[in-house]
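Beneath this line is the structure, given in structure tokens, with notes to follow.
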Amino acid sequence: MDSSNELKWQRYWEREGTFIASPSETKKKYFITVPYPYTNAPLHIGHGRTYLLADIIARFHRINGYNVLYPMAFHQSGTPILALSQRIRSGDESMVKMYTNYLSLYEKDPKEIKRILASFSDPKNIADYFSAEIIKDFSLMGFSIDWSRRFTTSDPVYQEFVKWQFLKLNDLGYIKKGTYPVLYSVEDENAVGEDDIKDGDIDKVSIEEYTGVIFKGRNFSLVAASLRPETIFGVTNLWISDRGDYMLCALNGDKVVLSRSSFEKLVYQNHEISLVREIKRSEILGEEFEAPLSGRKVNVYESPIVNPDNGTGIVYSVPGHSIWDYAGIMNSNFHPDPIKIIDVPDDKNTVESLYRRMKIQSVQDSDKLREATQILYKEEYYSGRLNDQNDVYSGMSVKEARDAIIADLKRLGFSIVVYETSRIAETRSGAKVIVAIMKDQWFIDYSNREWKDRTRALVDSMDIFPSSYRESIKEVIEWLRERPCARKRGIGTRLPFDQNWIIESLSDSTIYPVLYTCYPYLVRIFDKKREISPDILDHIMLGYPVPEGKYDGDVMAQIDGARKEKQYWYGVDLRLTATPHLTNHLVFYLMNHVALFSGKDLPHGIAISGLVIVEGSKIGKSKGNAIPLSVISNKYSADIYRLYMSISADPQSVIDWKESEIQSVQKKYLSLVEILSSVNSTSTDIENMSEVEKWFISIFRSRMASFVDSIRNFNIRQGIVSIFFDVMNDIKRLERRGGSRSRMLQLIAGEWLKALSVVIPFVSEEQWHRLDLPGSVANAQLDSYSPENIDRDLIEKESYIDRVEEDVRSILKVIGKEPSRINIYVAGDDQRKVMRAVSENMTKSIQKNLLYLIPEAMKVRNLVSFYKFDELSVLRENTDYFRAIFNAEIHADQAKIEKGKNAWPGRPLIRIE
RNA sequence: GCGGAGGUUGCAGAGCCUGGUCAAAUGCGACAGACUCAAGAUCUGUUUUCGUAGGAAUUCGCCGGUCCGAAUCCGGCCCUCCGCACCA
């Protein structure tokens with residue numbers, strides 16, 4: 001079907017309001033959601049997969065008698081749109097180019113593209129533009145979405161709702177305030193997110209916590225930053241960089257020395273620190289310092305292994321347990337004996353052995369040093385114990401010792417916390433990224449034990465597809481700690497109790513699916529009152545009484561309407577989302593629901609969809625391999641995309657989008673269309689069918705039953721295979737066996753189209769109308785396919801014939817000659833008796849004269865089947881068929897018992913002449 | 001390292017929970033034949049090895065165990081993928 005035809009049906013659904021849902025007195029509801037898309041770029045085939053799977057589930061429930069609500073909204077919160085707008089405004093070339101490309105997907109006229117691009121200097125225009133295009137894309141894909149309930153996260157009504165949500169969370173005591181380390185740009189005076197950082201999406205930046213160990217000296221102290229404070233008893237000396245500036249500072253009343261850049265960072269990390277003067281390196285090198293806890297006196301040396309920009313620009317040297325330090329001393333004229341303070345079970349991976357084994361030459365071999373450090377670190381961290389050189393810490397595991405030593409250093413005033421980025425990072429505009437401690441940071445305290453337990457209990461009671469994710473989800477709930485929920489800038493809702501903060505984009509998108517149920521009512525309330533006060537939402541969402549007489553009849557009518565819809569639709573029967581949401585959105589969604597809702601309003605089900613890769617590699621904007629949804633309907637047609645996506649892999653596994661495979665799916669699709677197009681009318685006349693035709697009807701029903709069962713269990717691939725490939729193969733067999741294809745198609749066309757419509761709705765709707773069937777196929781009701789309607793006997797007979805066919809073939813293959821006559825002998829009563837006895841372990845009951853059959857029976861006992869039907873008559877009824885396919889005389893008869901080979905039940909003896 | 005998923009016959013991907021009927025579904029690809037002037041499409045068959053009678057042998061990451069019997073259960077090992085966060 002070409003795209004203009006698809007457009008026709010898309011318009012039809014829109015005109016008829018086919019997917020607009022409203023509460024029903026009689027029908028059971030089914031509410032399915034997918035997280036709304038972020039509106040800063042066109043969506044690609046990977047995004048489309050999740051919405052498609054949801055659409056298949058939605059359409060499936062519609063034809064199975066449910067009142068289905070599949071709504072959609074748009075996400076605009078956060079910084080990316082804002083940042084993008086800024087960059088376009090400032091004329092950032094790569095951005096302008098990328099967005100010119102994006103726009104050319106939708107716009108032909110270059111002038112128009114320029115105009116739209118210019119309008120993007122206002123972030124609102126970006127969001128609005130892409131929202132509108134996403135609606136078009138989704139419609140072209142045939143997604144059965146109820147657009148009448150749509151909204152964006154920038155809408156005032158949405159924000160009234162988010163305010164209410166945060167007031168509630170605050171009342172419950174889940175909102176807290178505290179200091180928190182964040183990635184920060186001094187230049188921009190703002191926290192930076194992953195999207196603000198150069199290559200932040202490819203190479204993540206995280207925050208590392210160093211212990212700044214204070215080494216006291218006569219005139220001043222040194223602050224040496226370490227990730228492994230448990231090695232403090234192994235210190236032999238201190239290192240400073242052989243380059244870079246050092247500063248003498250006042251820190252909490254002490255005089256300490258740090259590198260210049262470290263001083264600049266620590267200012268942002270909540271320390272009382274001020275500059276005294278710059279200090280020459282030579283001045284430091286002359287001093288002697290005392291290591292805390294051990295009291296060991298150590299000297300300072302310069303080394304290229306120290307980067308003045310990392311940590312404090314000072315490190316303490318533990319050559320016994322740090323390969324860098326070991327390399328450092330090997331490369332200097334100062335050679336202390338490494339002090340061994342950690343014992344590991346074997347000495348395969350010690351500093352010295354690694355140094356030798358990896359053939360490290362100097363401190364310049366940084367790749368090898370890094371790798372060796374990894375190995376050493378793992379070995380010591382997970383299997384190391386502190387030996388008797390460690391005072392009170394002796395005998396502790398490395399992990400225990402680290403915690404104990406950090407705590408003691410802190411208690412005795414010998415350490416400060418130094419935060420550092422996990423790699424050198426800068427913002428997209430080139431500003432340096434550091435770690436800053438934000439005072440008064442608002443966060444949601446997900447660490448609450450009781451809250452976690454309730455959420456885990458909910459997860460236990462939910463449908464999770466695939467079920468293997470149940471444990472992962474529960475594990476993520478365990479991980480959750482405090483989550484900063486507000487930022488200083490970005491698009492979003494202001495915190496109701498602190499107007500300086502904007503609620504961050506994952507925190508404002510947790511319980512919003514409830515808004516779909518009643519959004520239009522809320523809009524009307526807002527239009528009247530210019531606000532939606534919490535008591536209204538308390539009533540609609542939670543059922544608290546509305547203050548008597550506070551609202552007039554008009555507003556009350558809207559409130560009641562909203563409450564009614566919410567009560568009917570909520571909670572979400574299935575929320576479908578892709579794996580990246582597993583560790584964040586999905587658990588916030590669950591936790592926030594548990595916090596605010598109860599009973600039937602809580603989520604009922606979750607389904608996870610897998611990634612899409614293209615020709616073997618991940619989809620990435622920078623790779624330029626993202627195929628936008630908008631080109632799909634033109635290039636292939638939406639139906640083919642839908643078919644390909646649903647049959648190439650199970651929903652949760654990765655799909656590799658391969659051009660060549662799409663083409664073969666396309667072929668199959670076209671031959672299906674051809675079959676469908678050959679049907680001219682429908683019929684219900686089931687009189688006078690041949691055996692094969694009766695078989696066809698039964699096997700078709702069993703395919704449909706398998707379809708229903710599979711999709712219900714989210715085995716979408718299997719379900720579609722049943723009604724697509726399997727039915728097509730059945731039709732082939734029907735024809736080969738001499739059944740009337742056209743007559744059978746008339747019988748099944750209606751039901752088949754209904755089933756097919758969940759995956760290929762456009763061609764199904766087209767054929768449905770061509771056959772003059774009533775209404776839209778999308779709203780038609782599928783028959784029920786209970787086992788009583790399926791004649792298993794017929795299906796078995798046919799598979800018996802197939803089996804005999806195969807047996808004959810495999811014999812022909814071996815003997816390699818053209819047959820002139822094929823004799824088929826079915827087992828008689830004696831063999832049946834013997835086989836029955838053998839398979840039931842009752843060999844004693846066998847008559848004496850038949851005992852000689854037992855050895856052979858034992859041999860073939862796994863190959864027999866006790867059919868209910870009479871094998872001989874089935875064969876005789878089908879001799880014409882066998883004659884035709886083998887081009888030989890066919891003779892079927894009762895087998896006589898003879899020495900040598902025998903016929904057995906379900907496994908006739910075949911003799912070829 | 002922790003948590004999760006997984007390693008199946010050319011590829012993709014079932015089967016594993018509930019052991020035998022599994023040389024292992026289905027789709028793709030490849031090969032052969034039919035149709036055709038031809039190509040494509042379609043149809044039929046083959047697609048681990050051996051075999052002139054439907055058989056046999058060897059296979060489901062590796063090693064071992066349980067069992068009459070293991071792709072399936074148990075133990076160990078190797079390898080791959082995803083996540084480990086404040087970021088949408």
Side-chain angles (χ1 to χ4, degrees), chain A residues 35 37-38 40 75-81 180-183 191-197 200-201 204-207 374 377-379 381-383 399 441 443-444 446 466-476 478-485 487 490 504-507 509 579-585 587-588 610-611 647-650 652-656 658 660-661 663-665 667-668 670-671 674 715 717-718 721-722 724-726 729 732 735-736 803-804 806-817 839 859-865 885 901 906-912:
Chain A
Y38 195 68
N40 67 335
H75 199 198
Q76 303 186 346
S77 309
T79 49
I81 291 181
Y180 209 86
V182 294
L183 296 172
V192 292
E194 189 181 274
D195 328 281
D196 304 315
I197 295 170
D201 47 347
K204 276 202 173 191
V205 180
S206 55
I207 294 172
Q374 283 277 325
Y377 181 93
K378 272 186 193 167
E379 181 85 13
Y381 185 74
Y382 294 106
S383 52
K399 204 171 150 46
Q441 171 71 52
F443 54 84
I444 300 178
Y446 286 116
S467 58
S468 54
Y469 281 108
R470 192 185 304 276
E471 284 310 308
S472 314
I473 292 170
K474 284 162 76 175
E475 198 55 39
V476 176
E478 281 308 296
W479 286 341
L480 281 188
R481 298 200 305 262
E482 304 87 356
R483 177 190 165 82
C485 62
R487 294 175 66 175
E504 149 303 311
S505 59
L506 273 174
S507 301
S509 306
T579 41
H581 273 147
L582 212 58
T583 52
N584 45 54
H585 166 71
V587 287
F588 301 150
L611 277 180
I647 60 176
S648 16
D650 278 323
Q652 71 272 17
S653 30
V654 175
I655 284 186
D656 191 355
K658 288 183 187 155
S660 58
E661 283 183 13
Q663 276 158 15
S664 62
V665 167
K667 275 185 216 162
K668 289 281 174 191
L670 290 175
S671 71
E674 206 184 307
N715 292 323
R717 181 172 188 267
Q718 181 53 55
V721 165
S722 294
F724 189 76
F725 291 117
D726 288 348
N729 284 337
K732 276 184 209 165
E735 288 188 275
R736 186 148 32 98
R803 193 164 150 183
V804 171
E806 266 179 37
D807 275 350
V808 171
R809 277 219 175 79
S810 63
I811 296 170
L812 287 175
K813 197 184 136 202
V814 178
I815 63 174
K817 68 171 186 193
S839 55
K859 224 170 128 191
V860 299
R861 69 188 187 284
N862 290 330
L863 300 167
V864 303
S865 310
I885 58 170
K901 248 183 189 261
R907 192 179 152 76
L909 184 67
I910 297 165
R911 295 275 181 218
I912 293 172

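Just so we're on the same page: letters track the sequence lines, and every chain starts at 1. Any value given below was found using the heavy atoms of this structure, including those in side chains, with hydrogens, waters and symmetry copies removed.
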Requested in this report: Using a 4.0 Å heavy-atom cut-off across all strands, classify A:Thr579 as base, sugar-phosphate, or nothing.
Outcome: nothing

Report task. Return no unless some side-chain N or O of A:Arg487 is found under 4.0 Å from OP1 or OP2 of B:A88. Result -> yes

Report task. Pick the C1' atom in B:U8 and in B:A53, then give their distance to the nearest Å. Result -> 31 Å

Requested in this report: Take atom C1' in B:G20 and the same atom in B:A39, then report the distance between them in whole Å.
Outcome: 50 Å

Query - Nucleotide forming a Watson-Crick or wobble pair with B:G27, both distances under 3.5 Å - result: B:C11

Query raised in the report: Would you find a donor on one side and an acceptor on the other, under 3.5 Å apart, between the side chain of A:Ser671 and the backbone of A:Lys668?
Result: yes

Report summary line: In whole angstroms, the gap separating P of B:A14 from CD of A:Gln718 amounts to 10 Å

Query - From B:A88, B:A53, B:G27, nucleotide with atom closest to A:Asn729 side chain - result: B:G27

Report summary line: For A:Ser507 and A:Arg483 the tightest heavy-atom approach is OG-NE, 3.7 Å

**Report entry** Between B:C35 (P) and A:Arg736 (CZ): distance, integer Å
**Finding:** 18 Å

Report task. Considering only atom C1', compute the distance from B:U44 to B:C60 and round it to an integer number of Å. Result -> 30 Å

**Report entry** Nearest non-hydrogen partners of A:Val804 and A:Ile910, listed with the distance
**Finding:** O-CD1, 4.3 Å

Report task. Could you tell me which non-hydrogen atom of A:Ile81 sits nearest to which non-hydrogen atom of A:Tyr38, and how far apart they are? Result -> N-OH, 3.3 Å

Query raised in the report: Contact class for A:His585 vs. all strands (heavy atom < 4.0 Å): base, sugar-phosphate, or nothing?
Result: nothing

Report summary line: From CD1 of A:Ile473 across to P of B:G83 the rounded distance in Å is 16 Å

Query raised in the report: Looking across every strand, which nucleic acid part, if any, lies under 4.0 Å from A:Glu806 by heavy atom: base, sugar-phosphate, or nothing?
Result: nothing

Query - Pairwise C1' distance, B:A32 and B:C82 [rounded to whole Å] - result: 43 Å

Query raised in the report: Which comes earlier along RNA chain B counting from the 5' end, the contact point of A:Ser664 or that of A:Ser472, where each point is its nearest nucleotide?
Result: A:Ser472

Query raised in the report: Hey, is the side chain of A:Arg907 poking within less than 4.0 Å of OP1 or OP2 on B:A53, counting only N and O atoms?
Result: no

Query raised in the report: Is any side-chain heavy atom of A:Phe588 less than 4.5 Å from a side-chain heavy atom of A:Ile444?
Result: no

Query raised in the report: Does A:Glu674 CD have over 12 foreign heavy atoms under 6.0 Å away?
Result: no

Query raised in the report: Any idea which of B:A12, B:G54, B:A53 is nearest the A:Arg717 side chain?
Result: B:A12

Report task. Starting at atom OH of A:Tyr469, determine the distance to atom P of B:C81, rounded to an integer number of angstrom. Result -> 16 Å

Report task. Round to a whole Å and report the spacing from OH of A:Tyr446 to P of B:A85. Result -> 17 Å

Requested in this report: Could you please name the option among B:C43, B:A53, B:A12 that lies closest to any side-chain atom of A:Lys732?
Outcome: B:C43

Query raised in the report: Contact class for A:Ser509 vs. all strands (heavy atom < 4.0 Å): base, sugar-phosphate, or nothing?
Result: nothing

Report task. Measure the distance from CD1 on A:Ile811 to P on B:G55 and round it to the nearest whole Å. Result -> 9 Å

Query raised in the report: For A:Leu812, which contact category applies under a 4.0 Å heavy-atom criterion: base, sugar-phosphate, or nothing?
Result: nothing

Report summary line: A:Glu478 atom CD is separated from B:A85 atom P, nearest whole Å, by 17 Å

Query raised in the report: Which nucleotide sits closest to the side chain of A:Glu475: B:G3, B:A88, B:G13?
Result: B:G3

**Report entry** Nearest listed nucleotide, side chain of A:Lys668, among B:G3, B:G27, B:G13
**Finding:** B:G27

Query - Distance, P atom - from B:G76 to B:C81, rounded to whole angstrom - result: 23 Å

Query - For B:C73, the Watson-Crick or wobble counterpart (both distances under 3.5 Å) - result: B:G65

Query raised in the report: Roughly how far apart, to the nearest Å, are B:U48 and B:U9 at atom C1'?
Result: 7 Å

Requested in this report: Using a 4.0 Å heavy-atom cut-off across all strands, classify A:Pro37 as base, sugar-phosphate, or nothing.
Outcome: nothing

Query raised in the report: Which comes earlier along RNA chain B counting from the 5' end, the contact point of A:Arg483 or that of A:Ile910, where each point is its nearest nucleotide?
Result: A:Ile910

Query raised in the report: Can you tell me the Watson-Crick or wobble partner of B:U80, both distances under 3.5 angstrom?
Result: B:A5

Requested in this report: Look through every strand shown and name the nucleotide pairing with B:C60 as Watson-Crick or G-U wobble, where both distances are under 3.5 Å.
Outcome: none

Query - Pairing partner (Watson-Crick or G-U wobble, both distances under 3.5 angstrom) of B:A32 - result: B:U44

Query - Closest approach of A:Gln441 to A:Pro484 (non-hydrogen atoms, all atoms of both residues) - result: NE2-CB, 3.5 Å

**Report entry** C1' atoms of B:U58 and B:U49, separation to the nearest Å
**Finding:** 8 Å

Report summary line: Quick note, A:Phe725 side chain, CB onward, closest among B:G27, B:G13, B:A88 is B:G27

Query - Minimum side-chain heavy-atom gap A:Ile912-A:Val808 below 4.5 Å - result: yes

Report task. Taking A:His75 for its side chain and A:Ser505 for its backbone only, find out whether a donor-acceptor pair lies under 3.5 Å. Result -> yes

**Report entry** Sugar-phosphate only, base, or nothing, as touched by A:Ser648 at under 4.0 Å among non-hydrogen atoms
**Finding:** sugar-phosphate

Query raised in the report: Can you tell me how far P of B:G3 sits from CG of A:Asn584, to the nearest Å?
Result: 21 Å

**Report entry** Integer angstrom distance from the P of B:G6 to that of B:C74
**Finding:** 14 Å

**Report entry** Nearest listed nucleotide, side chain of A:Leu506, among B:C87, B:G29, B:C43
**Finding:** B:C87

Query - Base partner of B:G54, which must satisfy Watson-Crick or wobble distances under 3.5 Å - result: none

Report summary line: Closest to the side chain of A:Pro484, out of B:C86, B:A88, B:C43, is B:C86

